[in-house]
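Here's the structure we're looking at; comments come further down.
Counting starts at 1 for both ligands and their atoms, in listed order. When reading the values below, keep in mind they use all heavy atoms of this one structure, side chains included, and skip hydrogens, waters and symmetry mates.
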Amino acid sequence: MTQPRHTDDLPVEYGLLDSGELQRRIADRKRQLGRDLCLLAHHYQNDSVVQFADFVGDSLKLSQQAAATDAKFIVFCGVHFMAESADILSGPGQRVVLPNLRAGCAMADMADPDDVAAALDEVRSAGGGRVVPITYVNSTAAAKALTARAGGACCTSSNVANVFRWALSPEGGAADKIFAIPDQHLGLNTAIALGYCADDGVLYDPAQGRGGLTNEALARAKFILWKGHCHVHQVFTPADVAAARAADPGVFVIVHPECPRAVVAAADAAGSTEQIIAAVAAGKPGSRWAIGTESNLVARLARRHADRKVSLLSHSPALCWQMARIDLPHLLWSLDALATGEPVNVVTVPDDLAREARVALQRMIDIRPAEAASPEQARGTTKITKHTKSTKQKGK
Ligand code: 13P
Ligand code: SF4
């Protein structure tokens with residue numbers, strides 16, 4: 001096999017194929033590649049892509065799947081940080097392909113690794129005890145490596161409460177304070193779910209010297225929240241929650257913890273992607289749900305549970321335009337390239353970076369996520385449980 005071509009220039013002929021032809025050819029390539037191929041898709045992908053997935057999951061499940069598969073090629077229908085995590089966790093002979101290299105994550109890009117390194121120095125020099133970074137998987141491999149070096153761990157929205165507890169426990173991270181990177185909302189919502197109050201947190205703005213904070217504020221804070229956000233979850237407002245309740249007083253409002261604090265506070269429950277899916281599945285026929293998360297997922301849940309009323313919390317769509325860059329033309333192009341032995345859009349994390357980032361990811365994977373969203377879990381009553389399965393080590 002020749003060296004992969006790193007290009008995001010979709011050959012023009014793929015853009016000319018109609019949807020039926022694209023689907024037929026993708027199905028053929030999947031059959032041809034057989035067990036050499038594992039096709040992973042995030043829940044936020046649209047159905048045209050999801051129909052071809054061997055596994056559909058949230059960030060945590062897909063990381064675990066990438067670590068578990070023996071397939072030669074992992075085609076990741078998600079965004080760049082997910083493909084990086086898959087490369088870090090997969091084995092030495094495996095290759096990870098992101099069908100469109102321009103499918104990044106706006107939130108991950110808000111935490112430039114150099115800025116994170118400088119911020120960690122500043123926060124430490126302000127005093128107030130041991131600072132442990134907890135970095136959402138929605139971050140670059142370099143940010144994850146920095147996290148590991150600083151004694152921290154990664155988290156996803158499924159296991160964040162458990163990871164925060166680990167960080168604050170003397171036998172875990174032994175933190176006096178957590179630096180939550182890069183999602184301010186996930187950080188604050190989790191701190192409050194664990195019983196802290198909003199005043200225990202401060203917002204660190206990387207565009208300002210010392211984050212725009214005084215040494216005293218940094219030293220006093222229990223949670224330092226990086227000023228990043230996911231644009232998809234900023235669509236939802238407390239007024240949407242009030243409107244959903246006014247329209248149907250019996251509706252159950254459940255939102256993703258990437259939503260602003262005021263939205264989570266107004267909702268009945270907050271939960272990760274998998275927790276929202278599990279909550280709706282556990283609901284009774286006839287139950288009504290207003291859901292504050294990505295539109296493709298909510299529409300899929302509505303179709304899957306036709307005996308319940310499932311709607312998006314907002315009237316405006318909540319779509320991730322980065323995920324949408326993975327479409328059928330790019331998927332077919334990637335599969336054609338694999339089948340002809342000339343892979344395109346391979347994501348490779350340099351070995352030294354991968355080794356360090358893996359430490360932060362492995363700590364996360366060793367903590368089992370909560371099973372379902374509930375007000376109890378939103379209050380942080382889930383347990384830390386060790387996950388027994390170990391991951392493969394790539395390279396060296
Ligand atoms: P989870 O997959 O961890 O729920 O995160 C949602 C998200 O924003 C993915 O990019
Ligand atoms: Fe990033 Fe938000 Fe898109 Fe997830 S949904 S990939 S966090 S921009």
Side-chain angles (χ1 to χ4, degrees), residues 40-46 49-50 53 55-66 76-86 98 100-111 134-140 143-144 154-163 180-187 189-190 226 228-236 254-260 264 269-280 291-298 300-301 312 314 317-326 347 361 364-365 367-373 377-378:
L40 304 177
H42 192 274
H43 288 297
Y44 294 178
Q45 288 295 346
N46 86 38
V49 169
V50 163
F55 297 96
V56 184
D58 69 350
S59 308
L60 178 62
K61 276 201 175 168
L62 293 177
S63 297
Q64 290 170 327
Q65 197 53 52
F76 210 122
C77 298
V79 290
H80 195 268
F81 75 80
M82 298 178 186
E84 278 190 335
S85 294
L98 180 68
N100 184 348
L101 286 178
R102 286 185 297 156
C105 165
M107 178 158 68
D109 293 342
M110 289 174 195
I134 298 299
T135 300
Y136 200 16
V137 287
N138 303 27
S139 58
T140 61
K144 292 179 175 79
C154 287
C155 69
T156 71
S157 52
S158 284
N159 61 17
V160 57
N162 291 341
V163 177
I181 302 163
D183 188 0
Q184 57 180 297
H185 304 294
L186 184 76
N189 285 321
T190 306
W226 189 270
H229 65 269
C230 164
H231 63 89
V232 176
H233 290 92
Q234 307 317 299
V235 165
F236 307 104
I254 185 165
V255 301
H256 196 284
E258 287 176 14
C259 292
V264 171
S272 70
T273 304
E274 289 290 344
Q275 291 164 349
I276 290 172
I277 292 168
V280 177
I291 304 183
T293 195
E294 196 276 341
S295 296
N296 283 312
L297 170 63
V298 177
R300 196 171 301 122
L301 284 174
L312 189 71
S314 165
L319 287 164
C320 178
W321 49 268
Q322 283 100 337
M323 289 253 185
R325 287 178 170 158
I326 308 291
V347 172
L361 281 168
M364 170 193 84
I365 285 172
I367 299 170
R368 197 200 290 169
E371 300 295 332
Q377 283 166 340

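Among S157, C320, C230, A108, the residue whose heavy atom sits closest to atom 2 (Fe) of ligand 2 is C230.
Residues R325 and N100 come closest through the heavy atom pair O-ND2, 3.0 Å. In terms of heavy atoms, H43 sits closest to R300 at O-NH1, 2.8 Å.
Counting only heavy atoms of the protein, atom 2 (O) of ligand 1 lies nearest to H42 NE2, 2.7 Å. Nearest to atom 1 (Fe) of ligand 2 among the protein's heavy atoms is C105 SG, 2.4 Å. Closest to atom 7 (S) of ligand 2 among all protein heavy atoms lies N138 ND2, 3.2 Å. The protein heavy-atom contact nearest to atom 3 (O) of ligand 1 is S157 OG, 2.9 Å. Of all protein heavy atoms, the one closest to atom 5 (O) of ligand 1 is Y136 OH, 3.4 Å. Nearest protein heavy-atom neighbour of atom 6 (C) of ligand 1: Y44 OH, 3.2 Å.
Neither the backbone nor the side chain of E294 has any atom closer than 4.0 Å to an atom of ligand 2 (non-hydrogen atoms only).
For ligand 1, one of its N or O atoms has an N or O atom of E258 under 3.5 Å away. On a distance-only criterion, T156 and ligand 1 share no N/O pair closer than 3.5 Å.
Atoms CZ and NE2, on F236 and H256 in that order, are 10.5 Å from each other to the nearest 0.5 Å.
Side chains of S157 and D58: a donor-acceptor N/O pair is absent below 3.5 angstrom, by distance only.
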